[in-house]
Number of protein chains: 2
Amino acid sequence: MSEVSEGRRARGGGGAARRAERTAVRIECAKFIERNIPNLEILNEEALEIIEANAETILQEVGVNFVENPEALKRWKDAGADVDGERVRIPKGLARQLCKTAPSSYVQHARNPERNVTVGGRGLVFAPVYGPPFVRDADGGRRYATLDDFHKFVKLGYMSKWLHHSGGTVCEPTDIPVNKRHLDMLLAHMTLSDKPYMGSVTEPVRAADSVEMSKILFGNDFVDQNTVMTSLVNINSPMTFDGIMMGALEVYAKANQACIISPFIVGGAMAPVTVAGTLTQVMAEVLAGVAYSQLIRQGAPVIFGAFVTSIDMNSGAPTFGTPEAAHITYGAGQLARRMGLPYRSAGSFCGSKLPDAQAAYETSNSLNMGLLAGVNFMLHSCGWLEGGLVSSFEKFVMDADQLGVLHHLAKGIDMSETGQAMGAIREVGPGGHYLGCEHTQSNFKQAFWRTELLDYKPYEAWEEEGARDTVALARARVNKLLNDYQKPAIDPAVEEALNEYVAKKKASMPDAFM
Amino acid sequence: MSEVSEGRRARGGGGAARRAERTAVRIECAKFIERNIPNLEILNEEALEIIEANAETILQEVGVNFVENPEALKRWKDAGADVDGERVRIPKGLARQLCKTAPSSYVQHARNPERNVTVGGRGLVFAPVYGPPFVRDADGGRRYATLDDFHKFVKLGYMSKWLHHSGGTVCEPTDIPVNKRHLDMLLAHMTLSDKPYMGSVTEPVRAADSVEMSKILFGNDFVDQNTVMTSLVNINSPMTFDGIMMGALEVYAKANQACIISPFIVGGAMAPVTVAGTLTQVMAEVLAGVAYSQLIRQGAPVIFGAFVTSIDMNSGAPTFGTPEAAHITYGAGQLARRMGLPYRSAGSFCGSKLPDAQAAYETSNSLNMGLLAGVNFMLHSCGWLEGGLVSSFEKFVMDADQLGVLHHLAKGIDMSETGQAMGAIREVGPGGHYLGCEHTQSNFKQAFWRTELLDYKPYEAWEEEGARDTVALARARVNKLLNDYQKPAIDPAVEEALNEYVAKKKASMPDAFM
């Protein structure tokens, strides 16, 4: 079976949907990665046990804060924790016991079932950059992001073969009032793409909107019975769970929708300056967060998250693609697997202001580490620039191309007779060459990963064509993908209902820009 | 003990050497890497056994060619191989048996003993790019390399903290006759740097010159008793050992000097298009080459080499940083370890024409893989551009900075009490921050890898300073390092003798440019 599905099929829909489908361009999309290579296990058993024991000690003796959330405090008290003001101290063993009902993997459904992803196990799902208020491209430079930019990123995500997920806030549409943005963003993911998407977390009511709109798209019953969103719930490290994020988690968990429960770590600032200390804090925070999700609803799907950067102690700036972030990412992966939870970390992280060599070194360090650390859900897998302040159009397609490298790496080594190639070695013999031999001719198309972006031309040809650097090649690819884009088929009645929901909701509130 | 040695001490030398030393600037140089993290073992036992058995089958049934080398054929016949013309068929088990006398690691001495490197075991030694006829810099563009360029690269290598080895042909000094270049190159490594270096392999007489000049530098007895060079002997894949390269190997092995015995693989052209097939051929070639080195002198130090690229089947161009090259590099590392030999592979490989994002993605993929594949000697670890046609000044310092990432990654995770940081976590507590706490203050200087090149400034500061990209930052660093460079102390009598040897040798031959 091909790893890349070219077919597409709209869920439900009548004659109009089928007509739309017949005229739509067929886009390629790779199946999510199922690893056939080992993870890098950087910590030994003894080290893992120390970290786990230390995390339990912290939960019991120091505890965590659940702020502005009396309901949460009550839930914790009922579950057996020691609650003192907003401080929740969790007796050793309790959090881990509660976490046991969280599933080790789950299917996130897309409206096109061929785009469904399984999150967990040996899998790896790629989702794009999340959150930047700015965008940058080679033509327009750096500027505040708009809804028009947002639409372009969703289209680029839909057109990117190695990207499995449409993501969430691919950039902040700053021209739309903050209390209404989530509606436009969800509408874009639902109608401009048929890949899975993320829900809003900025207010519990926006999470509720995300569930309602999903019900319009998938049908009420389907959403009740299936997970159709994976949303990002950050922990305010160190060890603080705020009411808004927890409110969103509560909405999603009740609706059986998935959340990433993710410490947000800038090492040296929000966590100890050492790796083992940071892992201890991450472990304590995830134990508390996942346990809380299971207090809301046993069996609610959650992901062990770890957003990790270090800090430049001279400037205070976050740094990316560093060896310390790699250590934490590898170690947290081991902790997640021992808990039997899906794992989220890594991404196209970089601190560079431009999509230049610095950006690529840092990103590549992080992407490679993500694959080998056993990450199951990689948010920010393409398009991240300038420490997450900027979504870069060029870097989006540059990184998305590199995701193909990870797909091929993850396949492992084919040890079949064809793979062993003994016939070819005998045929060619000493001093010969393989270009013309039958084995090469039969297998070369599948043998090697091929870039759709990078330059492999002879020097002279490259020079004649303008001596373009990677940014120039990426600029051309962005334009080509946006030109080639065609909207995936959708039942017009569903689209109409979504538009109506958004219009009605928007009309019901005054604009808010803070 | 600090991983970075700042001290320096000239071998031998009298009052003049000591005076020179007192006035010299102190340069920092990291000790070679001793890994404290695991390798990625991509193949299981069964797959490894299949590849090893297949390689022995190939050696017995297909054989290898030793061309224009009657002595080699005689040696093989005496050892029990089946010799037919230039074809050498090696009965199963024989090559492996012969390889057993090759040491699992060796010390390569530098004239400054603090720069000695151990090649093998859990170690990793970085040497710079080797072989390009062109150079490129941001000011002068791409042009044929000269001896002046060569000198600059040797100086940059000496000034690069994370680089352990001065290398060999860091670029081809094309303004010097081909039959005399090696003399100028050796002289430069010996006098402009005090790091270990490589010998010439382009003719056996040039290998002999390398040994003679080393005897002047280190003393006759020292060279007889110690390894002071590691030189690069390529195999003409598939399965051909040419007389010139083998002639160089013979000179070095007899003198107990080390060689990398390295298949030169462009997958799909010089090896099968599949990974397992390529590994089989690499294994067969290395078995034959290392066995031959031990026929020359039992115990001669050799490295299991694997230079690996894939090919772009559309253009025929070699490609770098690809997943297939990674598979081969990981697999070959396992084969090398099972043979108990030091391993050479990976490097700052890229196909890009410019030190741009493409170059950095490709390079970073390869550097990360090299660390995790268990490479012991990484030639080309910095400065490689355009598929090895170009030595890039800017990329040299960019890559050399990234080698620091690998140093820190390789350290692994500190599980001491300080590493665990329980006191800090208790002290800071939920909602606090770690910047001011005592644990952070005591440990931040050692905690994180710090770039000496990349930009971490706030956006506004970066913009005010000219919005420089990585190439511009690297250009400035190249200039700074060359300005700061001061020649390491050397006994003037030794330098004089080296100059004399070179002058005499040059005068003894007409210039040759082919």
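- Contacts between L40(A) and chain B at a heavy-atom distance below 4.5 Å involve backbone atoms as well as side-chain atoms.
- For P355(B), the part sitting under 4.5 Å from any heavy atom of chain A is the backbone (N, CA, C, O) and nothing else.
- Only the side chain of T363(B) comes within contact range of chain A, judged by heavy atoms closer than 4.5 Å.
- Of the atoms belonging to W449(B), heavy atoms from both backbone and side chain fall under 4.5 Å from chain A.
- Between the side chain of K353(B) and the main chain of E463(A), no donor-acceptor pair closer than 3.5 Å is present.
- The OG atom of S310(B) sits 5.0 Å away from atom CZ of F448(A), with the distance rounded to the nearest 0.5 Å.
- Within the 4.5 angstrom heavy-atom criterion, only side-chain atoms of L43(B), from C-beta onward, approach chain A.
- Neither the backbone nor the side chain of A461(B) comes within contact range of chain A, judged by heavy atoms closer than 4.5 Å.
- The candidate from A326(B), G277(B), A421(B), A357(B) with the greatest count of non-hydrogen atom pairs under 4.5 Å with chain A is A357(B).
- Contact of Y330(B) with chain A is made through the side chain alone, with heavy-atom distances under 4.5 Å.
- Atom CG of D356(B) sits about 8.5 Å away from atom CG of L454(A), to the nearest 0.5 Å.
- Of the two parts of E41(B), only the backbone, made up of N, CA, C and O, holds a non-hydrogen atom closer than 4.5 Å to a non-hydrogen atom of chain A.
- The contact between L279(B) and chain A is made entirely by side chain atoms (from C-beta outward), counting heavy-atom distances below 4.5 Å.
- A distance of 6.5 Å separates CG in L354(A) from CG in D469(B), rounded to the nearest 0.5 Å.
- Distance check, rounded to the nearest 0.5 Å: CG of D455(A) to CD of Q358(B) gives 5.5 Å.
- Remark: of the listed residues T451(B), D401(B), T470(B), D399(B), D399(B) is the sole one forming a side-chain hydrogen bond (donor to acceptor under 3.5 Å, both in side chains) with Y361(A).
- The closest side-chain heavy-atom distance from V428(B) to M239(A) is not below 4.5 Å.
- To the nearest 0.5 Å, atoms CG (L372(A)) and CG (N368(B)) are separated by 8.5 Å.
- With a 4.5 Å cut-off on non-hydrogen atoms, I42(A) touches chain B through its backbone and its side chain both.
- Interface check for chain A: of the options A317(B), A276(B), P272(B), the most heavy-atom pairs under 4.5 Å are formed by P272(B).
- Between L409(B) and M369(A), every side-chain heavy-atom pair lies at or beyond the 4.5 Å cut-off.
- Taken from CD1 in I413(A) to CD in E324(B), the straight-line distance is 10.5 Å, to the nearest 0.5 Å.
- Ranked by heavy-atom pairs under 4.5 Å with chain B, the list H433(A), R426(A), E285(A), M270(A) is led by R426(A).
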So N54(A) and Q420(B), side-chain hydrogen bond (donor to acceptor under 3.5 Å, both in side chains) or not? Walk me through it.
-> CA-CA 8 Å; N54(A) 284 349; Q420(B) 291 181 45; 2.7 Å; yes

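- For Q446(B), no part lies under 4.5 angstrom from a heavy atom of chain A.
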